[in-house]
Amino acid sequence: MTGTKTGAITIGGASGYWGDAALATPQLLAVEGLDYLVYDYLAEVTMSIMARARAADPEQGYAADFVSAAMAPNLQRIAACGVKVIANAGGVNPRACAEALRKLIADQGLDLVVGTVLGDDLLPRVQELADRSGGGAIREMFSGEPFPDPERVASANTYLGAFPIAECLRRGADIVITGRCVDSAVTLGACIHAFGWQPQDFDRLAQGSLAGHILECGTQATGGNYTDWETVADTLASAGYPLATVSADGAFEVGKPAGTGGTVTVGTVAEQMLYEIGDPQAYLLPDVCCDFSTVTLEQTAVDRVRVTGARGHGAPENYKVSLTWADGFRAGHIWTMVGRDARRKAEVFAEGVFARTRALLREQGLPDLSETSVEISGVESHFGAAAAVSDVREVDIKIAVKHASPRGVGLFLKEMTGIALAAPPGLCSFAGARAKPSPVVRLFSLLLPKAELALSVEVAGAPATFVEAQVSGPAPQAPAQLPLPPHADTVLVEVPLEQLAFGRSGDKGDKANIGVIARRPEYLPWIAAALTEARVAAFFAHFLRPGQAQPVQRFYLPGSHALNFLLHDVLAGGGIASLRTDPQGKGYAQLLLTVPVPVPAALLQAASCACKKQQGTA
């Protein structure tokens, strides 16, 4: 029954992506008092892979390992403990996923009810959307590009919210399977059901969404990808999966199972909070527009962080829809070059590969390569103008291309191998099968009014229409003003940003964000003074698309003493549409953390003394 929970609920985040470790489920089930297990499997590229699987076999198109690896060995324990499960493992075929799960439940002689959320799949409507876009009515919401050829669209899915999940639970489902929903919805749906939250409870919905945002990437909240990785290096292999204990008012604490590795600190939670967001005052989800700028984080115990202060500002009138579509083919290979002038030798080799490939393409009447990429690891090429290494004796060189046809990419692969004996000395490579052309999958995002979608839920074979409530909320407050460094005369010293801050970066399409969280509040004015939008844009100029009016935006989060930088058109298409070594900007924070920041020497000394006193060594 909805809304009967008077205390807190404990939710375990058991999957951060399709392919996450199977050990998460038994680890979290061992936690006393666990109420929910939530699983996030989906990303834009994942949807295209699942769509191809469904096209080949109508019974496929979902995360089969959710059924075989996560559920099959653990269903008896799940049933015995009364833990409810919510997963977007349905991919593009939630009904097939649910049926496979029901068969498994029956085979094990259990009495568990499976519910499904339906209506996100818009692939049957792609031609209709294309027809409507004829006059330019529908364009890519970020780039403004025209609607792609419907024949080349692999998947088209709406990002659904949490209320249909809660409805499945209200109707008696023990396990809820969804298709494409926002990652945090699997957690928010549990909160809505447990506490009876309503569509107008914006602040609570924002807090529940933030809890889901912290859980959705698994061990990234418990020490994975952590700036201070040295503090957990010895235990990362056994890192605990995250837990959120959520109260009826939306406040929650993040933790992990006792005896597991990793760590939960203000730093790990803050990094995950800023992961893959844009404007922190307008983090748009189907159920609520979230404002994370005033969120505060408090270390309440070892491996325990309390999170409060998220605000909600109504719900958007539209759903976001993402299409994936095929735009040619790509391939590449990584070689190693050793010896004197290794970098120049690698460059000469790449130039020869492209020259020979282009000559053969012309000879066979094929168009030129549509894009090429050469990245040399070992000379700090990712740092651009800030690189501090040049003359090395060993490098790795990645050579990759795009072409309209697999034949053109195949010619490149053949010529790259064939020219190896005509390369400068020192060329070597790990032996293995030659790479093959693979499809370039691009993303097309648009907005669609909620009223245009027909959503439904099915529980125990009984379908029911679901209608989203339309509610409006208060406008967000004006952004807070960044604190300025004091103007008093003082001795400044330059230290790497990492000495002053934590950092985490991620991607959304062709955008990347870098969250920078001050280790101490008094550091933030100095960080902000050093990291202007212009300086960050200059630092990443070698990645940014030239000619942008505002390539970088900076946002301030006073609650967590943090900045968030949003970099536009910086990933050369992003995902598998990009030829970059880092097509998702995962290393961008590590680059930025090397930037020198001038701070008062006295401030560093005072912070050092305070730290020693806190540790009892002063």
Side-chain angles (χ1 to χ4, degrees), residues 13-22 24-25 37-72 85-105 114-126 153-162 164-165 168 173 175-187 189 212 215-218 286 319-326 439 441-445 453-459 466 575-576:
S15 175
Y17 67 102
W18 190 17
D20 205 344
T25 300
L37 278 172
V38 297
Y39 298 78
D40 175 33
Y41 285 95
L42 303 182
E44 289 80 5
V45 171
T46 312
M47 300 302 288
S48 68
I49 296 171
M50 291 179 169
R52 290 199 297 271
R54 182 181 60 179
D57 181 350
E59 297 304 312
Q60 298 302 314
Y62 62 90
D65 53 347
F66 166 72
V67 178
S68 62
M71 292 293 98
V85 173
I86 306 170
N88 60 13
V92 299
N93 206 346
R95 273 203 177 104
C97 181
E99 283 305 313
L101 193 54
R102 290 188 184 104
K103 183 179 184 303
L104 179 65
I105 291 168
V114 179
T116 53
V117 176
L118 304 169
D120 67 289
D121 189 355
L122 296 185
L123 193 60
R125 293 182 56 185
V126 166
V153 174
S155 66
N157 294 84
T158 306
Y159 289 77
L160 300 183
I165 293 171
C168 280
I175 302 174
V176 180
I177 304 298
T178 80
R180 193 48 166 133
C181 63
V182 292
D183 302 344
S184 57
V186 291
T187 296
L215 294 182
E216 71 190 34
C217 290
Y319 284 122
K320 180 182 175 182
V321 178
S322 286
L323 285 66
T324 61
W325 60 285
V441 177
R442 292 185 60 194
L443 183 65
F444 184 96
S445 299
L453 260 74
L455 306 184
S456 64
V457 297
E458 288 183 1
V459 178
F466 183 85
I576 60 173

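Side chains included, hydrogens not; waters and symmetry mates left out as well; all remaining heavy atoms used.
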**Study point:** Chi angles and distances behind the side-chain contact (heavy atoms from CB on, under 4.5 Å) call for M47, V92
**Key:** CA-CA 7 Å; M47 300 302 288; V92 299; 3.6 Å; yes
Review point. Taking all non-hydrogen atoms of both residues, which atom of T116 and which atom of A98 are closest, and how far apart?
Key: CG2-CB, 3.2 Å
Check your understanding: Do you know which of D20, D65, V186 makes side chain to side chain contact (heavy atoms under 4.5 Å, CB included) with Y41?
Key -> D65
Practice item. Can you see which heavy atom on G91 is nearest to which on D120, and at what distance? Key: O-OD2, 4.3 Å
**Study point:** Side-chain heavy-atom pair L37, T25 within 4.5 angstrom cut-off
**Key:** yes
**Study point:** C168 versus V176, closest heavy-atom pair with distance
**Key:** CB-CG2, 3.8 Å
Revision key, fill the gap. Rounded to the nearest 0.5 Å, the OG atom of S15 sits from the CG atom of N88 at a distance of 8.0 Å
Check your understanding: Run the ring-ring contact (aromatic ring centres under 6.0 Å, His included) check on F66 and Y39 step by step: do they pass?
Key -> CA-CA 9 Å; F66 166 72; Y39 298 78; 5.3 Å; yes
**Study point:** Donor-acceptor side-chain pairing of Y17 and T46 below 3.5 angstrom
**Key:** no
**Study point:** OG on S445 to OH on Y159, rounded to 0.5 Å
**Key:** 6.0 Å
Review point. Would a 4.5 Å heavy-atom cut-off, applied to side chains only, mark P94 and V117 as touching?
Key: no
**Study point:** F466 side chain reached by P164 side chain, heavy atoms, under 4.5 Å
**Key:** yes
Review point. Is there side-chain contact between E99 and E59, with heavy atoms separated by less than 4.5 Å?
Key: no
Check your understanding: Got M50 and L42 here, is their nearest side-chain heavy-atom distance under 4.5 Å?
Key -> yes
Point to revise | Heavy-atom side-chain contact between P286 and V182 under 4.5 Å | key: yes
Exercise for review: Look up atom CG in L215 and atom OG in S184, then write down how far apart they are to the nearest 0.5 Å.
Suggested key: 10.0 Å
Review point. Does atom CZ of R52 have more than 12 heavy-atom neighbours, drawn from other residues, nucleotides or ligands, at distances under 6.0 Å?
Key: yes
Check your understanding: Side chain of R180, backbone of L160: donor and acceptor closer than 3.5 Å?
Key -> no
Study note, to complete from the structure: Separation between CG (L443) and CH2 (W325), nearest 0.5 Å, reads 10.5 Å
Revision key, fill the gap. When every non-hydrogen atom of G189 is compared with those of A162, the smallest separation belongs to N-CB, 3.4 Å
Review point. Is L118 close to L455 at the side-chain level, that is, under 4.5 Å between some pair of heavy atoms?
Key: no
**Study point:** Between S155 and T324, a side-chain donor and acceptor under 3.5 Å
**Key:** yes
Review point. Side chain of N93, backbone of R54: donor and acceptor closer than 3.5 Å?
Key: no
Review point. Rounded to the nearest 0.5 Å, how far apart are CD1 of I177 and OH of Y62?
Key: 10.0 Å
**Study point:** Contact check, side chains of F444 and E44, non-hydrogen atoms, under 4.5 Å
**Key:** no
Point to revise | Smallest separation among heavy atoms of S48 and A154, with atom names | key: CB-CB, 4.4 Å
Review point. Roughly how far apart are T158 OG1 and D121 CG, rounded to 0.5 Å?
Key: 8.5 Å
